[in-house]
Each structure stands twice: as structure tokens, then as C-alpha cells.
Participant: 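Here it is, the structure in full.
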Number of protein chains: 2
Amino acid sequence: MSDQRERQPPSRRIAEKLRAAIMRGDLGDGDQLPSERDLAARYATARNTAREALGILQAEGLAQAQHGRGVFVRLRRPLMRMGRDRYSRRARNETGLSPFRIEVERQGRTPHTECRSVTTVQPPADVAQRLGLDAGQEVIRRENWYFADDEPMQVGVTYIPTAVVEGSPLASEKKLGRGSIYQRFEDLGYPIARIREEVSARMPTPEEVKGLSMPPGVPVIELLHTSLDGDGRAFEVTRFVMRADVNGLDYDMPVED
Amino acid sequence: MSDQRERQPPSRRIAEKLRAAIMRGDLGDGDQLPSERDLAARYATARNTAREALGILQAEGLAQAQHGRGVFVRLRRPLMRMGRDRYSRRARNETGLSPFRIEVERQGRTPHTECRSVTTVQPPADVAQRLGLDAGQEVIRRENWYFADDEPMQVGVTYIPTAVVEGSPLASEKKLGRGSIYQRFEDLGYPIARIREEVSARMPTPEEVKGLSMPPGVPVIELLHTSLDGDGRAFEVTRFVMRADVNGLDYDMPVED
DNA sequence: GCCGCCAACTGGCTTAAGCCAGCTTCGATG
DNA sequence: CATCGAAGCTGGCTTAAGCCAGTTGGCGGC
């Protein structure tokens with residue numbers, strides 16, 4: 001109570017000074033921070049300590065190191081929001097346009113979707129539960145990558161019980177590799193009646209860091225999407241994983257009940 | 001291409017071994033990891049390097065250090081989801097029960113809400129924009145903290161234009177400090193017609209780490225809630241910040257348009 | 001039986017020195 | 001004029017040693 005300013009270890013004090021400079025605007029997006037050796041000399045400390053300070057800023061997502069070049073301010077870019085009409089009939093039926101593509105185009109960036117694989121697998125436990133599958137029942141797994149200006153933005157892994165597409169044109173793995181599938185379910189006798197979404201956030205796995213070329217210190221948003229038919233039965237689950245520094249989600253709902 | 005296993009620095013190799021042990025289940029939730037000095041001896045490395053390895057696991061949110069005690073496995077606890085009916089009329093009107101309290105009780109934990117402050121301030125830019133306010137117009141700011149079993153789970157900062165509550169019973173700051181306010185707007189001639197929510201995720205600020213007693217390496221979910229009246233005018237904005245390791249969000253919507 | 005202290009653990013953080021690897025620049029060489 | 005390469009910067013990571021600050025448990029004294 002008596003001493004307002006807490007005693008901070010040097011590394012945190014240096015980090016705080018740099019953070020303040022960024023917040024004040026003295027250092028803008030893309031500007032280079034002082035080098036480790038610089039900071040160490042300036043604050044009469046060991047290089048390790050200066051390094052630690054820069055590490056703190058990176059862990060906060062405020063800065064990003066580039067080996068051999070330096071550490072640079074990295075301010076949050078404006079969010080690319082996945083808007084509230086992303087599952088509208090228009091979005092679903094627009095030929096070849098997934099809701100993601102619509103959003104990206106609206107932002108004036110170039111969308112690009114790539115299907116990396118279509119396989120038949122055992123579903124993860126949380127997916128199996130949402131699809132109401134018993135152990136041992138297989139699903140088709142489709143992995144889609146979404147880019148904006150060739151920068152990877154999100155991954156979507158879709159799971160469909162084999163029973164759903166059995167005997168239909170979608171059963172061909174080739175067919176499943178192209179375009180949005182939301183628009184095709186109606187033809188299969190599975191009109192989408194409700195959509196359930198579960199949102200959480202976490203730190204990325206090492207694979208996701210590599211795949212999404214994410215800066216360290218940035219979380220991912222995980223969106224578990226479930227499509228339900230008129231009887232409330234789930235027939236498709238997609239797990240979207242997206243960089244939280246460039247993505248956000250919008251929901252807009254009437255209030256009733 | 002030739003060498004599948006990449007060359008990893010020792011700290012990352014050690015972290016990987018520990019991570020594997022956790023994933024295999026050899027180390028369960030709450031179990032103590034080897035101490036820094038232990039690891040250093042076992043892997044014939046410097047204590048700093050072992051420390052770095054433990055730091056990596058903490059940054060991934062898999063472990064948590066306790067000064068003087070040790071480093072412990074910290075598996076994600078089951079999500080406390082904010083369910084899809086959290087804005088139903090029932091939730092709003094249940095006396096003294098905010099949607100959050102309902103959710104927590106459903107999980108068998110003891111809810112507790114605390115209003116830390118009610119003040120009149122200039123709104124942050126993003127809030128002002130959503131409320132359609134010109135520069136200089138003031139808002140009432142209410143800061144609420146939400147606990148489950150006395151553990152802080154989320155903060156909600158509500159902004160209401162002074163014009164909305166002017167001359168009403170809610171204009172008293174005392175009144176605004178108690179209970180949920182969603183149920184009171186109707187009496188003021190502001191029935192909630194639509195709710196807009198914008199979801200993003202980010203790393204917590206140092207203040208949030210302290211306030212929410214968060215382990216390092218865990219992101220927060222930021223939910224910007226906007227209440228709209230029948231004419232689509234926003235009359236209230238609340239920014240919720242919640243620990244992403246124990247919170248999630250559900251959305252359930254009919255498909256139309 | 002209780003209390004208080006102390007020893008032996010734990011992590012937190014720093015110093016100082018060094019080697020490695022990536023990037024940039026500039027100048028010498030063809 | 002183009003190209004190549006070395007110098008000098010950058011971060012990445014490690015070692016070895018040390019002091020500080022929490023936690024725990026046991027041992028002694030009351």
C-alpha cells in the first residue's frame with residue numbers, strides 16, 4: 001500500500017519501457033526495436049536480460065523477432081471478421097464461394113482455398129460425440145486451408161459420417177475436394193436446419209505455428225461447427241482453427257424466448 | 001527431405017520429452033514435473049537450459065510453475081461453456097441471476113459476482129463507435145467481476161450512454177452496482193431486440209494476468225456485446241474478457257435468409 | 001501439544017562469456 | 001557492370017555460477 005510502484009526485475013522493467021514506447025506511438029507497427037546488445041548496453045545489464053525483455057514483448061504478441069535482422073513491432077492488424085451472414089443461403093449457394101471467401105473479398109484481399117486431403121478415418125472423440133457416432137464408425141475427413149493474399153489464415157477440417165454420403169456423388173473423394181460442401185447437402189436430403197457453433201481459444205500447437213506461419217505469442221480461435229438437420233441430428237462437423245490476430249467472429253441474433 | 005527428425009536445440013528436445021510424457025498420460029493433471037536442477041542433472045545440461053524447457057511447456061499452457069513448490073502439469077479443465085440460452089428471457093429475468101451465474105451453477109460450482117466500480121468516463125474508441133457516440137459524449141462505466149468457487153473467471157465492463165439512463169432510477173450509480181442490468185432496460189423504454197456479439201482472442205495484458213490470476217501462456221477470449229433496440233440503435237455495450245482455458249461460448253442458430 | 005525456527009528444497013532472475021546461424025552491405029574481383 | 005564473398009551486424013542458444021525468495025517439514029524448546 002505504501003509503495004505504489006512495485007519492485008520489478010530488470011527484464012520486466014525494460015519490457016515495460018518498450019511497451020510504453022509502443023503504446024505512446026513512439027514505436028509504430030513494423031519499426032525495429034533496439035537490438036539485444038544495444039539494450040544491454042543502454043540499461044547496463046547482461047545481454048541475456050535484455051533478451052528476456054524482448055522475449056516478454058514477443059510473448060505478448062507486441063513484437064516479433066526475425067533471425068539475423070532484428071526485433072520488430074507487430075501491432076495487431078485489423079481483424080478480418082467472419083461476419084454474421086456467413087452462413088446465409090446466399091453465402092452457401094454462391095457458386096464456389098465459401099463464407100470465408102466472401103469475407104476476404106469484402107476486405108479487398110485475394111481469397112484462395114486449397115484442399116490438402118480427403119481421407120477416411122476414425123473421428124476424434126469430440127467430433128464422434130457431436131455426430132452421435134459409436135466407437136469404430138468411420139468418417140470422411142477433408143482438410144481445407146484458407147488463404148488471404150497467399151497468407152494462410154485458417155484451417156478447416158470437416159468430418160462427415162460415411163453413412164451420410166454413401167451411394168451419393170459426394171462419396172467420391174475427388175468431389176469432396178472441390179468447393180464448399182455446405183451448398184451440396186440439400187441435394188443429399190440433408191437440408192441444414194440449424195447450425196451450432198462452439199468457440200474457444202488456445203495457444204497453437206507447434207504444427208499449427210508452422211502451418212499457419214504464426215508469430216509466437218498469438219493464440220488461435222477454435223470454432224467447432226456442427227450442422228443439424230430438421231430433426232436435430234448432426235450430419236457434419238467442421239473444426240476451424242484460425243489465427244486470432246487477424247480473425248474474429250460476429251454473431252447477430254434476435255432476442256426472444 | 002532426407003533426415004526426417006529435425007535437429008532441435010536441447011531445451012526444445014527436453015520440452016518435447018516432457019510433453020510426450022504428458023500426452024502419453026505418464027504425467028497427469030496436477031502431477032509435479034522434475035525440478036529444474038533435476039532435469040539439468042538428468043540431461044547433463046545447465047540449469048538454465050532445463051529452465052528454458054520448463055518455460056516452453058508453460059508457454060504452451062501445459063504446465064504451471066509455483067514459486068518454491070515446483071512445476072506442475074496443468075491440463076485444460078473442461079470448458080465452462082457460456083451456453084446458447086444465455087440471453088434468453090428466462091436468463092435475463094431470473095432475479096439476480098446473470099447468464100453467467102446460471103452457467104456456473106449448472107456446472108455445480110458456486111457463482112459470485114462483484115461490482116468493482118461504477119464511474120462516468122469517456123468511452124474507448126471501439127465502444128464509442130458501436131454506441132454511435134460523438135467524441136466527448138460520456139458514458140457510465142460499470143466493472144463487474146465474475147467468480148466460480150472464488151476463482152476469478154471473467155470481467156465485464158459495461159458502457160451505457162448517460163443519455164439512456166438520464167432521469168431514471170438507473171442513473172443512480174448505486175443502483176447500477178447491483179445485479180444484472182439486462183433485465184432493467186425494458187422498464188426504461190429500451191427493450192432488447194437484437195444482440196450483436198463480436199468474438200476475438202488475444203494474450204492477456206499484465207493487469208489481466210494479475211486480476212484473473214491466470215497462468216502464463218493462456219489466452220483470453222474477448223467478447224464485445226452490443227444490445228440493440230427495435231430500431232437497431234445500440235444503447236449498451238459490454239466487453240467481456242474471460243480466461244480461455246476454462247471458458248467457451250456456444251451459439252445455436254436457425255439457418256434461413 | 002503447540003509454536004517457532006531453521007535447513008533443505010523449490011522456482012525467479014541475473015551475470016558474463018561464448019559459439020552458431022541468418023541477413024545486409026560493401027568492396028574487391030572478374 | 002555484375003557477381004561473389006567476407007565483415008559486421010542481427011537473433012538463437014548454451015554454459016556455469018550465484019543470489020534471492022517462496023515453501024515445506026522436521027526438530028527443538030517451551
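A note on names: the letters A, B, ... follow the listed sequences, proteins ahead of strands, and every chain is numbered from 1. Bear in mind that the values here come from a model prediction, so they are computed numbers and not experimental data.
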Participant: In whole angstroms, how far is the P atom of dG11(C) from the CD atom of Gln64(B)?
Facilitator: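 One finds 13 Å between P of dG11(C) and CD of Gln64(B), rounded.
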
Participant: Using atom CG of Leu54(B) as one end and atom P of dC13(D) as the other, report the distance to the nearest whole Å.
Facilitator: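 To the nearest whole Å, that distance equals 16 Å.
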
Participant: Whole-Å distance between dA17(C) C1' and Glu36(A) CD?
Facilitator: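 From Glu36(A) CD to dA17(C) C1': 15 Å.
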
Participant: Select base, sugar-phosphate, or nothing to describe what Arg12(B) touches, counting heavy atoms under 4.0 Å on all strands.
Facilitator: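 Since only primed, P, OP1 and OP2 atoms lie under 4.0 Å of Arg12(B), the category is sugar-phosphate.
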
Participant: Are OP1 or OP2 of dT15(D) and a side-chain N or O of Thr49(B) less than 4.0 angstrom apart?
Facilitator: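 Yes, such a contact exists.
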
Participant: Tell me if the side-chain of Arg37(A) makes a donor-acceptor pair with the base of dG11(D), cut-off 3.5 Å, by modelled atom types.
Facilitator: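 Side chain to base: pair found, below 3.5 Å.
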
Participant: Counting only distance, no hydrogens or angles, is the base of dT15(D) paired donor-acceptor with the side chain of Asn48(B) under 3.5 Å?
Facilitator: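 It does, because a donor-acceptor pair links the side chain of Asn48(B) to the base of dT15(D) below 3.5 Å.
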
Participant: Can you see if the side chain of Ser35(A) gets near the phosphate of dT10(D) - specifically, an N or O under 4.0 Å from OP1 or OP2?
Facilitator: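 Checking dT10(D) against Ser35(A), a side-chain N or O does come within under 4.0 Å of OP1 or OP2.
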
Participant: Is the closest side-chain heavy-atom distance between Thr113(A) and Asn144(A) below 4.5 Å?
Facilitator: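 Result yes, sub-4.5 Å side-chain heavy-atom pair found.
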
Participant: Side chain of Ala46(B) only, please: which of dA16(D), dG12(D), dC23(C) is the nearest?
Facilitator: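 Taking heavy atoms from C-beta onward, the closest nucleotide is dA16(D).
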
Participant: Counting distance alone, no hydrogens or angles: does the base of dG11(C) have a donor or acceptor under 3.5 Å from a partner atom on the side chain of His67(B)?
Facilitator: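 Answer yes: a donor N or O sits under 3.5 Å from an acceptor.
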
Participant: Find the distance Gln66(B):CD to dT23(D):C1' and express it as a whole number of Å.
Facilitator: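 Going from CD in Gln66(B) over to C1' in dT23(D) covers 10 Å.
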
Participant: Are the side chains of Met153(A) and Val246(A) in touch, meaning some heavy atoms are under 4.5 Å apart?
Facilitator: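 Yes; the side chains approach each other to less than 4.5 Å.
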
Participant: Given dT14(C), dA21(D), dT14(D), which nucleotide is nearest the side-chain atoms of Glu52(A)?
Facilitator: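 In terms of side-chain proximity for Glu52(A), the closest of dT14(C), dA21(D), dT14(D) is dT14(C).
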
Participant: Consider only side-chain N and O atoms of Tyr251(B) and Glu197(B), and report whether a donor and an acceptor are under 3.5 Å apart.
Facilitator: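 Per modelled atom types, Tyr251(B) and Glu197(B) side chains form a pair under 3.5 Å.
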
Participant: Check the pair Arg141(A) / Glu143(A) against salt bridge (Lys or Arg N to Asp or Glu O under 4.0 Å), numbers first and verdict last.
Facilitator: CA-CA 7 Å; Arg141(A) 176 190 191 277; Glu143(A) 183 176 324; 3.0 Å; yes

Participant: Does dT14(C) have OP1 or OP2 sitting under 4.0 Å from an N or O in the side chain of Ser11(A)?
Facilitator: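 Checking dT14(C) against Ser11(A), a side-chain N or O does come within under 4.0 Å of OP1 or OP2.
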
Participant: To the nearest Å, give me how far apart CZ (Phe72(B)) and C1' (dT24(D)) are.
Facilitator: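 These atoms are roughly 11 Å apart.
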
Participant: Measure the distance from CG on Leu57(A) to C1' on dG11(D) and round it to the nearest whole Å.
Facilitator: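 The distance from CG of Leu57(A) to C1' of dG11(D) comes to 15 Å, rounded to the nearest Å.
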
Participant: Taking atom P of dC13(D) as reference, at what distance in whole Å does atom OH of Tyr43(B) sit?
Facilitator: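 Whole-Å distance recorded here is 18 Å.
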
Participant: Which class fits the ring pair His225(B) and Phe240(B): parallel under 30°, tilted 30 to 60°, perpendicular over 60°?
Facilitator: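 Taking Phe240(B) first and then His225(B), their aromatic rings stand perpendicular (interplane angle over 60°).
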
Participant: For Ala50(A) and for Arg69(A), find the nucleotide of DNA chain C with the closest heavy atom, then tell me which residue's nucleotide is more 5'.
Facilitator: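 This one resolves to Ala50(A).
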
Participant: Which residue lies toward the 5' end of DNA chain C, Gly68(A) or Gly68(B), if each is placed at its nearest nucleotide?
Facilitator: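 The 5'-side residue here is Gly68(B).
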
Participant: Can a side chain N or O of Arg47(B) be found less than 4.0 Å away from OP1 or OP2 on dT15(D)?
Facilitator: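 The answer is no; no side-chain N or O of Arg47(B) sits under 4.0 Å from OP1 or OP2.
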
Participant: Return the value, rounded to whole Å, for the distance between atom CZ of Arg13(A) and atom C1' of dC13(C).
Facilitator: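 Those two atoms, CZ and C1', are 15 Å apart.
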
Participant: For Thr238(B) and Glu236(B), which I'm curious about, is there any donor-acceptor pair between the side chains at under 3.5 Å?
Facilitator: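 Thr238(B) vs Glu236(B): donor-acceptor pair found between side chains.
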
Participant: Tell me whether the side-chain N/O atoms of Arg51(B) come closer than 4.0 Å to OP1 or OP2 in dG11(C).
Facilitator: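 So the side-chain polar atoms of Arg51(B) never come under 4.0 Å of the phosphate oxygens OP1 or OP2 of dG11(C).
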
